[in-house]
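First up is the structure itself, then whatever we jot down about it.
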Amino acid sequence: MRYTKALLPTQKEAPADAISTSHILLLRAGYIRRVGAGIYSFLPMGLRVLRNIEKIVREELAEQGAEEVLLPALLPAEYFRETGRFDGFGDTLLRLKDRKGGDYHLGPTHEEIITDLARREIQSYRDLPKNLYQIQTKFRDEPRPRGGLLRCREFIMKDAYSFDADLEGAHASYERMRVAYRRAFDRMGLRYRMVGADSGAMGGSQSAEFQVLVQSGEDFLAACNHCEYAENLEVAEPVRGAEEPLAAVPERKELHTPGKGGIDSVAEFLGAGPERFLKSLLYWADKELVLVVLRGDHEVSEVKLARALGVTDVRLASPEDVREKTGAAVGFAGPVGFSGRVVVDPDARAVSDGITGANKTDYHLEHVQFGRDYQGEILSVRAMREGDPCPRCGNPVQIFRGIEAGHIFVLGTHYSAKMGAEFLDDKGEKRPIVMGCYGIGISRLVATIIEQHHDDSGIIWPLSVAPYPVHIVQVGESDAVREASARIERELKEAGIEALVDDRNERPGVKFKDADLIGIPLRVTIGDRGLASGQVELKERTQADPKQVTLLPLEEAASTLVRRIRNELAGTPERG
RNA sequence: CGGGGUGUACCUCAACUUGGUAGAGGGCCGGCUUUGGGUGCCGGACGUUGUAGGUUCAAAUCCUAUCACCCCGACCA
């Protein structure tokens, strides 16, 4: 593609409302444009990346025996009504009416539609197993679209559905999808973890999320760099030592700590480490006030707290509530003599000689010990921290943010039972089909890959998904440059490789900046300077130093590139 | 849904506090210049100041309503 013919509108500055790296770069490099909140157009370059991602996914799914279908995006309400999801989906479902007033909606996911297909077309155990998938636009009226392509109201998703005669078969299908996902994400060059997901509402027996490790994700994960351990911070359980008897300590004593409310300031004032403190936080758990006691250097996980208490809503009490309940200003609350429900994290319980608030403004207590000085329910409510030992291998874990790029799920008979998708087994008995569903956020992946593959200058596409593998930059307007460029372009084309050719009448600096921004992995620079000795320059986008170039004889340039590209695309790393 | 913020040229922003009829840089168009990391100079086009109403001799500016968008949280098969 010649740059002068392409729609490739790069920009120096991004709109102020773009915050995430991928959003900024996708806009600046001319891959997407915003049409509405969470609604985007793909420009030619963006579409090429999208297609490359789709291609990888299609190949890996085909490898595992899945077949592609295309279900409608516009759906009559009757199907979701059958499973109660027309109402159950709530405001997330984009509803509309046709001219006769009939209820319709745009598909947020397609379990009902595929199950309907299955109940009509699958009659016998001989028809099983099947695995059907589509790559399709989904619509969800998200409460808060964000991050450009990361969370949209209209987005492209690959959704697959497996149909098996029994749970064993369903698990085998699930395994095959797991393999397909691993291979696909590996090929895209992603660093990710499979995370055991909270198998919640769907009544499924097994599920896993594929979380891509980035700084800007929506979920917090604890992950280990030494093994494959990764868990959502909402579930991750810190490793605790064996429960040891507490050491004998002196009687508790009051300390005057004027104006020293927060852990850090008291710790400094008293010259004691924060791990010696018992941090006491007052929470509203639904309608009840609960005092939560943690070790001073730990943080509460509100999700874990809510789950441990069996309540739906957990909220930090206001300063007024604290004053009223404890009789002291914020920062001086403590479990000793506290009247009300007290929850103690195991790590706080293990502090044998603690310092905590005296429930009296400007006073703390020292030599405080669980059992002797205060009581409470022992519940694990602290969040895992960066550096905590990995529950699996003991090395320190790191905290990452994650973007959910895929989710695989054994559904069981949830939908098939409700919708009567049954088959006759070999004994002639009717049984519900056992299903699984498997999603990949295709359009989200475009952004996700950038979140992991960029530098200060722009995008750094992995070769497997790059809009073009090669970017030819013509420096200067001489006939020699033009001819050399056309020659390499032609030779690449003969080998089936497309190149983006920057034939604009722009200064070299402009072209180099744009090339870095656009992020094509291999850049060939052709100028009179090199051509004087019959050479062109090859520079890899991963190489930060602009002077780091390889000189190639013009006549070998194309063949060298072809070899490089074929080698790299063939040598797909395999990671389990 | 709760909290915070923003709407002015294609983009980034200024002028708003203290009302006097809109400006800079980038981009775009033309000319000259320059030609290996966003060249320099000259000239030019582009605005119902989100929308509606109100106050006023006069509104980007003050008031009211409304819409849109962004951020944090809640939510997220």
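Lettering of chains follows the sequences in order, A, B, ..., and the numbering in each one begins at 1.
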**Q.** Verdict with supporting geometry, A/Glu82 and A/Lys418, salt bridge (charged side-chain N to carboxylate O under 4.0 Å, His left out)
**A.** CA-CA 7 Å; A/Glu82 263 192 81; A/Lys418 261 188 189 160; over 6 Å; no

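- For A/Arg144 against B/C76, no side-chain N or O and base N or O form a donor-acceptor pair under 3.5 Å.
- Looking at heavy-atom distances under 4.0 Å, A/Glu13 makes contact with a base.
- Rounded to the nearest Å, the gap between the C1' atom of B/G3 and that of B/U21 is 37 Å.
- In the set B/C13, B/G36, B/A74, B/G36 carries the atom at the smallest distance from any side-chain atom of A/Phe512.
- The base of B/U35 lies outside donor-acceptor range of the side chain of A/Arg507, with no N or O pair under 3.5 Å.
- One cannot find a donor-acceptor pair under 3.5 Å joining the base of B/G38 and the side-chain atoms of A/Arg504.
- The C1' atoms of B/G30 and B/C46 are separated by 15 Å, rounded to the nearest whole Å.
- The distance between the ring centers of A/Phe86 and A/His105 falls below 6.0 angstrom.
- The residue among A/Phe155 and A/Ser20 whose nearest nucleotide of RNA chain B is located toward the 5' end is A/Ser20.
- Residue contacts for A/Arg444: at a heavy-atom cut-off of 4.0 Å it reaches no nucleic acid atom on any strand shown.
- When the nucleotides B/U12, B/G38, B/G36 are ranked by their closest atom to the side chain of A/Glu537, B/G36 comes out on top.
- Comparing B/C71, B/G26, B/G36 against the side chain of A/Lys12 picks out B/G26 as the nearest.
- A/Pro15 comes within 4.0 angstrom of sugar-phosphate atoms only, judged by non-hydrogen atoms across all strands, and of no base.
- Note on A/Lys158 versus A/Glu54: no salt bridge recorded, every NZ/NE/NH1/NH2 to OD/OE distance being 4.0 Å or above.
- Side-chain nitrogen and oxygen atoms of A/Arg140 include none within less than 4.0 Å of the OP1 or OP2 phosphate oxygen of B/C76.
- Looking at heavy-atom distances under 4.0 Å, A/Arg28 makes contact with a base.
- Checked by distance alone, A/Glu302 brings no side-chain donor or acceptor within 3.5 Å of a matching partner on the base of B/G73.
- The gap from the P atom of B/U49 to that of B/C11 amounts to 16 Å, rounded to the nearest Å.
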